[in-house]
Amino acid sequence: MTSTFYSNQNLKVWGDEVHVRQRPGPEANWQDSVVLVWWDKGNAIGGFHRLGHEPNAGDGGMVTLWNVLVGPAGMQKKVHYVPLRQADMLASGGFGGGDESCRCEFIDGEHVWTIDEGDVSGRIAFKDVGPNVDCFPKKGIMKEGFSTAHFDIPGKVSGVFRMKGNEYKVDGLGIRDHGWGPRDWSTVYSHRWVAGTCGPELSFIAVSWHAIDDTISNFGWVIRGDKVTLAKKLDILTYTEMDGAMNRGGHVQFTLATDEVFEVECTPYPERKASVCYHHGVACVDRLCSWECNGMTGFCDFESTANIQHGNRKPTKFVDGIIDDGFFPN
């Protein structure tokens, strides 16, 4: 695929070699993980799925699985962190889930998730509609403590979904990601990941990352067809509940390298609760939302964490606030 980029950096379009498990590095916290978040508006069904291998953790490696499926009947949610089995190293280059409930494989140009939770099951196939590029920063704590490579790609989903005796033919939209490298979950105080699409016309990724060195990184981009445009300025406003963690969607403003401005309002789907997955001491909230921007509508995942005190820490860094005593001029 030939792509056009409006940016101040070169972005390589990768091939199928990044759609399978990668060769592990030597670090104890090296991991390789895939994510799919999706929504079928016609059937009001969707899901959030994360499957990661940590081959150097514990005695022989570990598997982390976040598996969430939502439908008219409710939510099916499973989170586990279990030993990595030889059976999880699928011959296709795909990922097994530590048991037989979930696997992800790249088959005939599609990223296929096979899920079996008894009376909730499905086969969800994801097909890319945007270029296969890695737009994450390659410096500082984002590279050293989070991910050497990170792909966030919009697409379409199809397949079959079953919940409590009802079967649905899936026809929807999704965002997938694949990231690998050292990942130290203790390096984050809080983060936002807002990933949305309405199809080839417009997709977007927005990320804000507050790290333990008290830096805050904001970056993002939009995808239109095979064109990727990076943001030169990004503002993510999260609507946070009284518990200080749960979000009720939010608002994202992209100011692009082309000086275009995109205002994206994200609103949770009614009667669909957010999922909270707890891993390595971090509670990660994922909320499926609809969004509106410049006359277009679509779906997104509004993901957030709030770990600023790190259990026993007085916060010192705020985007627009003051905690210290004294006088602070504008």
Side-chain angles (χ1 to χ4, degrees), residues 1 3 12-24 31-40 43 45-55 61 63-71 76 78 80 82 84-118 120-134 147 149-163 167-180 195 197 199-200 203 223 226 299 301:
M1 177 183 292
S3 298
K12 177 181 177 179
V13 180
W14 294 80
D16 291 348
E17 70 275 9
V18 297
H19 295 330
V20 295
R21 295 190 317 274
Q22 301 298 298
R23 183 185 298 276
Q31 67 87 52
D32 190 356
S33 60
V34 288
V35 168
L36 172 64
V37 57
W38 62 278
W39 181 254
D40 176 340
N43 289 310
I45 57 177
F48 178 91
H49 318 282
R50 179 178 186 270
L51 209 172
H53 287 185
E54 301 176 10
V63 174
T64 179
L65 173 65
W66 307 355
N67 201 20
V68 180
L69 289 157
V70 297
Q76 172 72 34
K78 177 178 182 176
H80 71 199
V82 298
L84 177 66
R85 311 169 301 167
Q86 185 61 39
D88 297 319
M89 317 292 283
L90 303 183
S92 61
F95 298 76
D99 60 15
E100 304 311 311
S101 66
C102 184
R103 67 179 185 272
C104 177
E105 302 172 271
F106 185 66
I107 303 173
D108 297 330
E110 295 182 320
H111 303 264
V112 179
W113 290 75
T114 304
I115 299 161
D116 186 357
E117 294 284 359
V120 179
S121 62
R123 184 184 188 276
I124 312 300
F126 178 99
K127 183 76 171 180
D128 292 1
V129 299
N132 194 36
V133 295
D134 176 3
S147 199
H150 204 280
F151 295 80
D152 303 70
I153 312 298
K156 296 182 177 181
V157 291
S158 60
V160 63
F161 171 73
R162 304 177 187 89
M163 176 175 276
E167 182 171 305
Y168 306 90
K169 183 178 179 181
V170 177
D171 181 11
L173 299 169
I175 300 283
R176 69 169 180 87
D177 90 29
H178 183 192
W180 63 87
T197 183
S203 303
I223 308 103
D226 64 354
F299 115 95
D301 179 34

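Note: hydrogens, waters and symmetry copies are ignored here, and every other heavy atom, side chains too, is used.
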Next on the checklist: Do Val70 and Trp39 make a side-chain contact, defined as non-hydrogen atoms from C-beta onward lying under 4.5 Å apart?
Outcome noted: yes

Checklist entry - What distance separates Asp177 CG from Asp301 CG, expressed to the nearest 0.5 Å? => result 10.0 Å

Checklist entry - In Å and rounded to the nearest 0.5 Å, what is the CZ to CG distance from Arg176 to Asp152? => result 9.0 Å

Next on the checklist: Donor-acceptor check, side chain of Asp134 to backbone of Ala149, threshold 3.5 angstrom: yes or no?
Outcome noted: no

Checklist entry - Minimum heavy-atom separation for Thr197 to Ser203, with atom names? => result OG1-OG, 2.7 Å

Checklist entry - Which of these, Ile153, Val34, Asp128, Ile124, sits in a side chain to side chain contact (heavy atoms under 4.5 Å, CB included) with His111? => result Asp128

Item to check | Check ion pair Glu110-Lys127 (N to O, under 4.0 angstrom) | outcome: no

Item to check | Atom pair CG/NE2 of Asn67 and His80 - distance to nearest 0.5 Å | outcome: 8.5 Å

Checklist entry - Going by heavy atoms in the side chains, are Val157 and Asp40 under 4.5 Å from each other? => result no

Item to check | Interatomic spacing from CZ in Phe126 to NZ in Lys156 - rounded to 0.5 Å | outcome: 11.0 Å

Checklist entry - Would you say the side chain of Val35 lies within less than 4.5 Å of the side chain of Trp66, judging by non-hydrogen atoms? => result no

Checklist entry - Between Glu54 and Leu84, does a side chain to side chain contact (heavy atoms under 4.5 Å, CB included) hold up when you go through it step by step? => result CA-CA 8 Å; Glu54 301 176 10; Leu84 177 66; over 6 Å; no

Next on the checklist: Would you compute the distance between atom NE2 of His150 and atom OG of Ser33 and round it to the nearest 0.5 angstrom?
Outcome noted: 6.5 Å

Checklist outcome for this item: Correct closest heavy-atom pair for Asn43 and Lys169 would be ND2-O, 3.1 Å

Next on the checklist: Do Ile115 and Ser121 have side chains that approach each other closer than 4.5 Å (heavy atoms only, starting at C-beta)?
Outcome noted: no

Item to check | Val170 vs Trp38 side-chain heavy atoms within contact, under 4.5 Å | outcome: yes

Checklist outcome for this item: Nearest heavy-atom approach of Gly98 to Val82 is CA-CG2, 3.8 Å

Item to check | Gln86, CD: over 12 other non-hydrogen atoms inside 6.0 angstrom | outcome: no

Item to check | Arg85: partners by salt bridge (Lys or Arg N to Asp or Glu O under 4.0 Å), with sequence neighbours left out | outcome: Asp88, Glu100

Item to check | Short side-chain to backbone donor-acceptor contact, Gln22 and Gln31, under 3.5 Å | outcome: no

Item to check | Under the salt bridge (Lys or Arg N to Asp or Glu O under 4.0 Å) test, residues paired with Asp99 that sit two or more places apart | outcome: Lys78

Checklist entry - Got a sec, which residues hit salt bridge (Lys or Arg N to Asp or Glu O under 4.0 Å) with Arg103, two or more places apart in sequence or on another chain? => result Glu105

Checklist entry - Using the benzene-type ring in the case of Trp, are the ring centres of His178 and His19 under 6.0 Å apart? => result no

Next on the checklist: When you compare the side chain of Leu51 with that of Cys102, does any pair of heavy atoms fall below 4.5 Å?
Outcome noted: yes

Checklist entry - Between Leu65 and Ser101, which heavy-atom pair has the shortest distance, and what is it? => result CD2-OG, 3.8 Å

Checklist entry - Got a donor-acceptor contact below 3.5 angstrom from the Arg21 side chain to the Gly94 backbone? => result yes

Checklist outcome for this item: Taken to the nearest 0.5 Å, the spacing of Phe151 CZ from Trp180 CH2 works out to 4.5 Å

Checklist entry - Under 4.5 Å between any side-chain heavy atoms of Pro131 and Ile223, yes or no? => result yes

Checklist entry - So, for Val20 and Ser92, which heavy atoms are closest and what is the spacing to 0.1 Å? => result CG1-O, 3.9 Å

